[in-house]
Amino acid sequence: MDREKLLDIYTRTMRCARSDEKFRSLIISGKLATLYYTYRGQELVTSAMMAALNTDDYLVTTYRGQHDQIAKGVPFDLLYAEIAGRETGTCKGKGGSMHITHPATGIMVTTGVVGSGLPIANGLALSSQNTKDGKVTVCCFGDGATNIGAFHEAMNMAQVWKLPVIFFCQNNRYGEHTAFADHTKVDSIVTRAAAYGMKGIHVDGNDAKAMYAAAVEAVDHARSGKGPVLLEAMCYRMMGHFFGADFSYMPKEHLAEMAAEDPLPKIRALMLEHQFTEAELDKIVADIDAELDAAAEFALASPFPSADELRIDVFEEEIAA
Amino acid sequence: MDREKLLDIYTRTMRCARSDEKFRSLIISGKLATLYYTYRGQELVTSAMMAALNTDDYLVTTYRGQHDQIAKGVPFDLLYAEIAGRETGTCKGKGGSMHITHPATGIMVTTGVVGSGLPIANGLALSSQNTKDGKVTVCCFGDGATNIGAFHEAMNMAQVWKLPVIFFCQNNRYGEHTAFADHTKVDSIVTRAAAYGMKGIHVDGNDAKAMYAAAVEAVDHARSGKGPVLLEAMCYRMMGHFFGADFSYMPKEHLAEMAAEDPLPKIRALMLEHQFTEAELDKIVADIDAELDAAAEFALASPFPSADELRIDVFEEEIAA
Amino acid sequence: MSGKITLGAAINRAIDECMAADEGVILLGEDVAAKQGGGVFKISAGLTEKYGEHRIRATPISEQAIMGACVGAALAGMRPIAEIMLMNFLTVSMDQLVNHAAKLRFMSGGQTNVPLVVRTTTGVGVGFGGQHSDMLEAWFAHVPGLKIVTPSNPADAYGLMKSAIACNDPVIFIENILSYGMTAEIPEGYEAPLGKAAVAREGSDVSLVTYGRCVADALAVAEELAGAGVSVEVIDLRTIAPYDEETVTASVAKTGRAVVLHEAVKQYGTGAEIAARINEALFGKLKAPVQRLGGAFSAVPMANALEQAWIPTKDGIKAAVHATMKG
Amino acid sequence: MSGKITLGAAINRAIDECMAADEGVILLGEDVAAKQGGGVFKISAGLTEKYGEHRIRATPISEQAIMGACVGAALAGMRPIAEIMLMNFLTVSMDQLVNHAAKLRFMSGGQTNVPLVVRTTTGVGVGFGGQHSDMLEAWFAHVPGLKIVTPSNPADAYGLMKSAIACNDPVIFIENILSYGMTAEIPEGYEAPLGKAAVAREGSDVSLVTYGRCVADALAVAEELAGAGVSVEVIDLRTIAPYDEETVTASVAKTGRAVVLHEAVKQYGTGAEIAARINEALFGKLKAPVQRLGGAFSAVPMANALEQAWIPTKDGIKAAVHATMKG
Ligand SMILES: Cc1ncc(C[n+]2csc(CCOP(=O)(O)OP(=O)(O)O)c2C)c(N)n1
Ligand SMILES: Cc1ncc(C[n+]2csc(CCOP(=O)(O)OP(=O)(O)O)c2C)c(N)n1
Ligand SMILES: [Mg+2]
Ligand SMILES: [Mg+2]
């Protein structure tokens, strides 16, 4: 992997990491009251994936997908305004953190219903297949989502039609409070690809090089018309199901393993190995923090949507007051 | 397989076969007007399966499950009355051919919604697991049903809980007008068992000995507490999706292959091999036909349900007129 | 475009014309392609030959995936038509339809929209029993973001389908198995805009508000009662929701009497909302209580004897009209 | 049983007592067992320790399988409770609930029945947005075979849950996230039978018919208006469907004025059926048009500013009551 790409992945990773810090500090300080599904521990898996995509490739993600959206390129100011419920947000405050949409960066759907993104991703990919626009669609979801019917139906249909879609399972080993081994009796989600005759890739998502290589392999496969891919990236959810939620149900051994696999120190070490200087890295982080401060300020200073918005966007035509 | 068991399987098979003939003749002659999903070609697979069960084991089947119900033991007279929409039917005529229920022979649900039987079968098996009543639950469904979400959710849950349930896929190679290869990109449904860590068995359902051995293996596994089994029995749907429906979409080669695999001549030949005489076999068929004639007569002579039935069985308490 | 055609053929013609005009119009559903014979009810017969399997896509039995794929394709700018074989099977795809198709325009603040048509058929009186006959339009009417239409005749089947495909929001297009065979000529350039009811028959004594297959019964009853000196105005809503309240209110304001009729279960059916609004709009001006007619409060029974007792009959409709005349 | 407890704890107590009394009572749902902390809302806390993992079963994320397993267990004679974390997720299990749980008693001619309780929670005002806040009771009220209850206070949460578990037919038990914290003492041996409304406050001028979380707002408004000389009778339906029409009709017959209030979207909500029946029962006897209040006609917005504008407010309720007093 060349230094430029590594820098790209590092930058996306730190944008995710710093934003997560920022959101949590805004919530703790009471400046922001919102349900926030922190993705702490999953910054690198998605950054390496998005670094293998074009901006106009489609993304479908979940309530926990702020890292996916940031790595895909959603502007901080619009994201922060949306999560703060302001009219300047990506969705005028109507969607909120669970429903970020930003077509300009290919973010077509963020769903709060587990597994529901996969069938929709097929439709985006179907349109690319018919219009030959060359796009691939990446659909992010978790390990727990692989036990719901929509996953199964979408996997099979994608393979039947050889759709250019990548089912990107960020296996963080927990679905809410339930450990992977308690909801699934196979060692790896990728086993399920075989049930559809689909290409499957299993990778340690916190290994930047392996993760990026897997992402490129998946994207090349899908973009070249060879069909869908199930890409399972192993990672950890380093906090509770949502920020503030207790996670005492995680065993000590798991917490220790998790701490050892924290992607942030790992990627920083990798950068230094590649002759990036501490100063260079700190500068990147400082710039991101400045951008985040401005975004938060913009968001919190923005007006709330007016009640008229309840009559707008229900249908194309506005509903009479 | 001992002669007695073979005779048992033959008898069940012929009960299915003769009843199918009878229904079709009643429909053709205009004596009966109903939507009838003939199972022609699938008589043996289910007879060998049911011969491995006890009468009080649970059965869940589909709109096409008349053969499953007959092989399980539902009395002809109640079955015919139900399908004729009479108050003397298993369900007082309220259910009809798609919803035969007969708890006395373990027939708990017949569903018209593809795939919906599997989650329900888990519940029946769960009750056996908790009450330790020693029963196993057999759930019949087709190849097409294996692409719907309910199949996936039920398979995974059954394995997570090691439920005493047998998912009995009668792979007749078509889902309505769609050929197996056009809706599924794996050679065999049993491949999917591995996606759940479940035991899977694939068998030529028209080979009586192999089919019965597979059924026994599955039942022993489930009943002994080792967990669920996905049993895929290959067979053919020798007519259209429902009786009278065109099936010109089936390729010539398929029709030829199908004719060569007709289970009825095959099992008769097998009986003769086992020193049963033509006379013995004909006597069995004659007795079945007599029973069927009586059943049809009983059904068609029975009264229609009264309109009051619309207020009964909605809730436990009758609805006021 | 001359000569009588069936209601089924009228739907096929509308889809055909839209597919010819716009590459983005596609059809997804079980058995819909040529290889499977153009659908169980043959509504898409002949379309694969013209537009190819990439636009007429026969699917696995996967209603969630069908609906979801259509939602995604619509988000990307296509105009997908999802065929859900029977209305009861919509129960399998409610999440995609209700939590996604209906809400994405709103939740995205108008950045995306879902120009989707969901074709589905159903109907009581076919002998399909409890899991294949339900009319569930009241559920969808309760969901902001969804439009629901149903044709009572071939011309409207053609016109409403063209309007539904042209609509930039999700539209549920309800077909009735028993209506497929109705034949009529489609007037050249016939149009049936969404949200506009049709006065199927003018009258002065009682307004009979209905839609879909029931319209035929309503017209038959109106004809018969005309003989008996009762003038019944029949309103065919065509768009079930959001419905043409203006036309309904105007009619009832004129007659002072209303009967609301549908095949769906009466309780909590669309008739409840229509009756409630009539009462709100014309409080004190009605000559009699609004009469509501609908299916019985039970699952649809399979036995023909019971099924016929389940649906509103012409005699029942007559009785309801007479009841309003007492006031 | 003395001392104040929360509504959540009251539900837990009812389930606990039923589990102690009957081996057949089991609970299935995501994260419900001890290992997962007794559910996201901790309603099943402590039960696994008492009754074991074979009766308190944490499930994979599979609502169809959860509902189906409960249907099957119920058919076999158990009394399962399905916890569907949030009401919107019922959209994933509609087939099992509507085509199976609700219909099997009827379709089997009474040979089988489904003593199932579906627990689910929801609520507007929590900031959960478009896919986690819906009130869908009107859908289920339209389905013959289903009963729907919702408690407005801890005592009824306890009493209704015990009645629901004892019922031999499927009951949907709707909880409201914002009500879990309400505290009260549960009277010794308190009972809340299905199908019986409660007159939460007697009054003579206007009948305010509502249920669930809205009851608290209704009572607050009634108290306030009492000062202004308007006597409001508050009816808490408790069983949303089939509802206690006798109590509602008697109350409105007395007051001559009615306001129907719920959090669900107003259009095609349960209020439409209730208003329609009030008009049918008391035609010509009402002093004013029945007023209906419900959620706005849009998806539930996430922004708090919009969410507060979406739900019926106390001011809105007051205005509706005053509107009826004009008549
Ligand atoms: C259909 C459905 N059921 C339940 C939920 C509640 N829920 C929200 S997140 C979640 C866990 C999902 O786990 P996983 O798929 O592993 O994703 P992660 O949260 O770990 O990223 C659950 C059960 C939901 N949103 N949708
Ligand atoms: C959810 C659902 N979708 C569609 C249908 C319509 N339908 C009835 S039978 C059938 C084909 C089922 O094929 P398979 O599972 O192979 O069973 P077989 O009919 O071959 O026995 C379909 C699509 C249905 N009943 N339920
Ligand atoms: Mg997870
Ligand atoms: Mg088949």
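The chains referred to below are lettered A, B, ... by the order of the sequence lines, with proteins before strands, and numbering in each begins at 1. Remember, it's a predicted structure, so these values are computed and weren't measured experimentally.
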Are any of the side-chain nitrogens in D:Lys196 or D:Glu246 under 4.0 Å away from the carboxylate oxygens of its partner?
no
Say whether, by atom type as modelled, one donor and one acceptor occur between the side chain of [X] and the main chain of [Y] under 3.5 angstrom.
{"X": "D:Arg119", "Y": "D:Phe173", "value": "no"}
{"X": "C:Asn113", "Y": "C:Asn168", "value": "yes"}
{"X": "C:Ser251", "Y": "C:Ser207", "value": "no"}
{"X": "D:Thr239", "Y": "D:Leu194", "value": "no"}
{"X": "D:Glu307", "Y": "D:Gly125", "value": "yes"}
{"X": "C:Gln308", "Y": "C:Ala305", "value": "no"}

Full working for side chain to side chain donor-acceptor pair (under 3.5 Å) between D:Thr91 and C:Asn99:
CA-CA 8 Å; D:Thr91 55; C:Asn99 292 329; 3.1 Å; yes
If you check every heavy atom in residues 129-142 of chain C against those of chain D, which residues fall under 4.5 Å?
C:Gly130, C:Gln131, C:Asp134, C:Met135, C:Ala138, C:Trp139, C:Ala141, C:His142
Counting heavy-atom pairs under 4.5 angstrom with chain C, the leader among D:Met107, D:Glu280, D:Met302 is D:Glu280
Which one of D:Arg277, D:Lys266, D:Arg105 has the most heavy-atom pairs closer than 4.5 Å to chain C?
D:Arg277
Given that the side chain runs from C-beta out, which part of [X] has a heavy atom under 4.5 Å from chain C: side chain, backbone, both or neither?
{"X": "D:Gln96", "result": "neither"}
{"X": "D:Val290", "result": "backbone"}
{"X": "D:Phe297", "result": "both"}

Chain D heavy atoms under 4.5 Å from [X]: which part of the residue, side chain, backbone, both or neither?
{"X": "C:Tyr268", "result": "both"}
{"X": "C:Gln291", "result": "neither"}
{"X": "C:Leu286", "result": "both"}

Under 3.5 Å side-chain donor-acceptor pair for C:Thr270 and C:Tyr211
yes
Residue pair D:Met87 / D:Thr121, side-chain heavy-atom distance below 4.5 Å
no
One option among C:Gln267, C:Glu273, C:Met94 has the most heavy-atom pairs under 4.5 Å with chain D, and it is C:Glu273
Partner chain D: residue of C:Gly269, C:Gly271, C:Gly145 with the largest heavy-atom pair count (under 4.5 Å):
C:Gly269
Can you measure from CG (C:Leu208) to CD1 (C:Ile235) and round to the nearest 0.5 angstrom?
9.0 Å
